[in-house]
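In listed order, ligands and their atoms are each counted from 1. In what follows, residues are counted from 1 in the order of the sequence shown.
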Amino acid sequence: MVRESSPTHDIMRAVQVLRSGGLVAFPTETVYGLGADAENGTAIKRIFTTKGRPTTHPLIIHVGSLDELSTWVEKVPAAARALAEHFWPGPLSLVLQRSRRVPLAVTGGLETVAVRVPAHPVALALLRAFGGAIAAPSANHFGCVSPTTACHVQSDLGDAVDLVLDGGLCNVGVESTIVDATSEELCILRPGGVAREDLEHALGRAIPEKQTKASVRVPGSHRSHYAPRAQVILVDPSRLIDEAHRLTSCGYQVGILLPHDIAPDSVAARKILQAPESLTDYAQMLYQFLREFDRSGCNRVIASLPSEEGVGVAIADRLRRAAEPRGTIKTFKLPQTLEELCKS
Ligand code: TXA
Ligand code: MG
């Protein structure tokens, strides 16, 4: 059931659903989350089965304010506090040592937990009325494109969710940046809505580049992810038009995610969607675009990577993962410590 907007009675209904162990999909500024009471083991199990996600793949917990952080984590190193103060509410998840209140079912057995305060009025109203932590992965099937509207959630998960709160189109459009902040030596585990440059600016120091590589293994951070049904093919922009002709002449239903600086009338395809010039706008539209290619019956999508600055790093990361063959989905052996995570 989709509920439009966020009048108080819908929030109260959502709180009742959470308290009785149900699942509530809710908007955040990044993507829609599939929420459950973080302290209810049965509800957490339901998240994994509903998404078809391995239980070793840890969930992010969402809280209503920075003041609540100390309830859910053991200690908050100075760098973590500085980032939380600067970016929360916002698209930044901090990985910290979990407190006893966070069940291992949430963390996939890890002694750490990812926490964030989302910057969406509906999410904040829900969290404040609920009072506890809400564990929420993106509200889509495992490995598929994340939802940025309530309709996406409804069409992906349907009646498997007890309530969907509709907060319109998500502003940021790609998931939060995840930072291992368990020590003063920070490590970006997933690029997202907060750019590395902005993290560094807030900290007043660099986060070592070598630790931000996509090769860093995060449990559940599979190479193939965020993928539409159509096969995504990444090409250099100079080869895009030729490649579209070649695939069309082979009989494929071709979609093109056209860079902002190539004229759309220079190419023929089943569906052409043009990337906005602003990387912020592009991030907001990326998942909508991938879904639209599927809806239009495309079975191949040709795209080029945007410039990898700011949120362009997250867009490029999602496009690369979307382009990985599905066969590369692997379950990584869980590293024991975050130090191992960053080194691996
Ligand atoms: O923007 C977002 O982060 C959205 C919204 C709903 O908040 N959530 C989201 O959750 O993207 P999900 O489950 O799709 O992705 C969570 C990622 C996973 O890749 C997981 O590996 C990582 O967070 N993660 C969670 N806890 C972790 C931990 N303790 N250590 C390392 N990585 C962790
Ligand atoms: Mg996800």
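Within the cation-pi definition used here (under 6.0 Å to the ring centroid, within 45° of the axis), Arg53 does not qualify as a partner of Phe142. Annotation: cation-pi pair Arg318/Tyr226 present, NZ/CZ under 6.0 Å from the ring centroid and within 45° of its normal.
Not a single N or O atom of Lys51, backbone or side chain, sits closer than 3.5 Å to an N or O atom of ligand 1. In terms of N/O distances under 3.5 Å, ligand 1 is approached by Ser138. Where the criterion is an N or O separation shorter than 3.5 Å, residue side chain and backbone included, Thr28 fails it with respect to ligand 1. For ligand 1, the polar-atom distance check finds an N/O of Ser176 within less than 3.5 Å of one of the ligand's N/O atoms.
Ring geometry for Tyr282 against Phe289 counts as tilted: the plane angle lies between 30° and 60°, on a 0 to 90° scale.
Evaluated by nearest non-hydrogen atom to atom 26 (N) of ligand 1, the leading choice among Ala139, Pro147, Pro58 is Pro58. Scanning Ile178, Val179, Leu34 for the heavy atom closest to atom 17 (C) of ligand 1 points to Ile178.
Taking 4.0 Å as the cut-off, Thr107 does not count as a neighbour of ligand 1 on heavy-atom distance.
When atom types are taken as modelled, the side chain of Ser183 and the backbone of Glu185 share a donor-acceptor pair closer than 3.5 angstrom. For Asp180 (side chain) and Thr182 (main-chain N/O), a donor-acceptor pair under 3.5 Å exists by modelled atom type. Here the side chain of Ser304 pairs a donor or acceptor atom with the backbone of Val235 at under 3.5 angstrom.
Residue-ligand proximity, Arg53 to ligand 1, at heavy-atom distances under 4.0 Å covers atoms 12 (P), 13 (O), 14 (O). Applying the 4.0 Å criterion to heavy atoms of Pro137 picks out, from ligand 1, the atoms 10 (O), 12 (P), 13 (O). Close contacts between ligand 1 and Thr112 involve ligand atoms 28 (C), 29 (N), 30 (N) [criterion: under 4.0 Å to a heavy atom]. The ligand atoms of ligand 1 that sit less than 4.0 angstrom from a heavy atom of Arg190 are 2 (C), 3 (O), 9 (C), 11 (O), 15 (O), 16 (C), 17 (C). Within the listing of ligand 1, atoms 5 (C), 6 (C), 7 (O) sit less than 4.0 angstrom from a heavy atom of His62. When each atom of ligand 1 is checked for a heavy atom of Leu110 under 4.0 Å away, the hits are 28 (C), 29 (N), 30 (N). Near Leu189, the atoms of ligand 1 lying under 4.0 angstrom from a non-hydrogen atom of the residue are 31 (C). Of all atoms in ligand 1, listed by their number and element, those nearer than 4.0 Å to a heavy atom of Thr30 are 1 (O), 2 (C), 4 (C), 5 (C).
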List the atom pairs, with distances to 0.1 Å, where a side-chain N or O of residues 257-265 and a protein N or O form a donor-acceptor pair under 3.5 Å, not counting sequence neighbours.
none

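Looking at Val161, Leu165, Asp162 one by one, the single match for side-chain contact (heavy atoms from CB on, under 4.5 Å) with Val24 turns out to be Leu165.
Neither the backbone nor the side chain of Arg98 comes within 4.0 Å of ligand 1, counting heavy atoms alone.
When all heavy atoms of Pro147 and Ser138 are compared, the pair lying nearest together is CD-CB, 4.3 Å.
Other residues, nucleotides and ligands contribute only 12 or fewer heavy atoms inside 6.0 Å of the CD atom of Glu277.
With sequence neighbours left out, the side-chain hydrogen bond (donor to acceptor under 3.5 Å, both in side chains) criterion links Gln274 to no other residue.
Look at Ser138 and the Mg ion (ligand 2): an N/O/S atom of the residue is under 2.8 Å from the metal.
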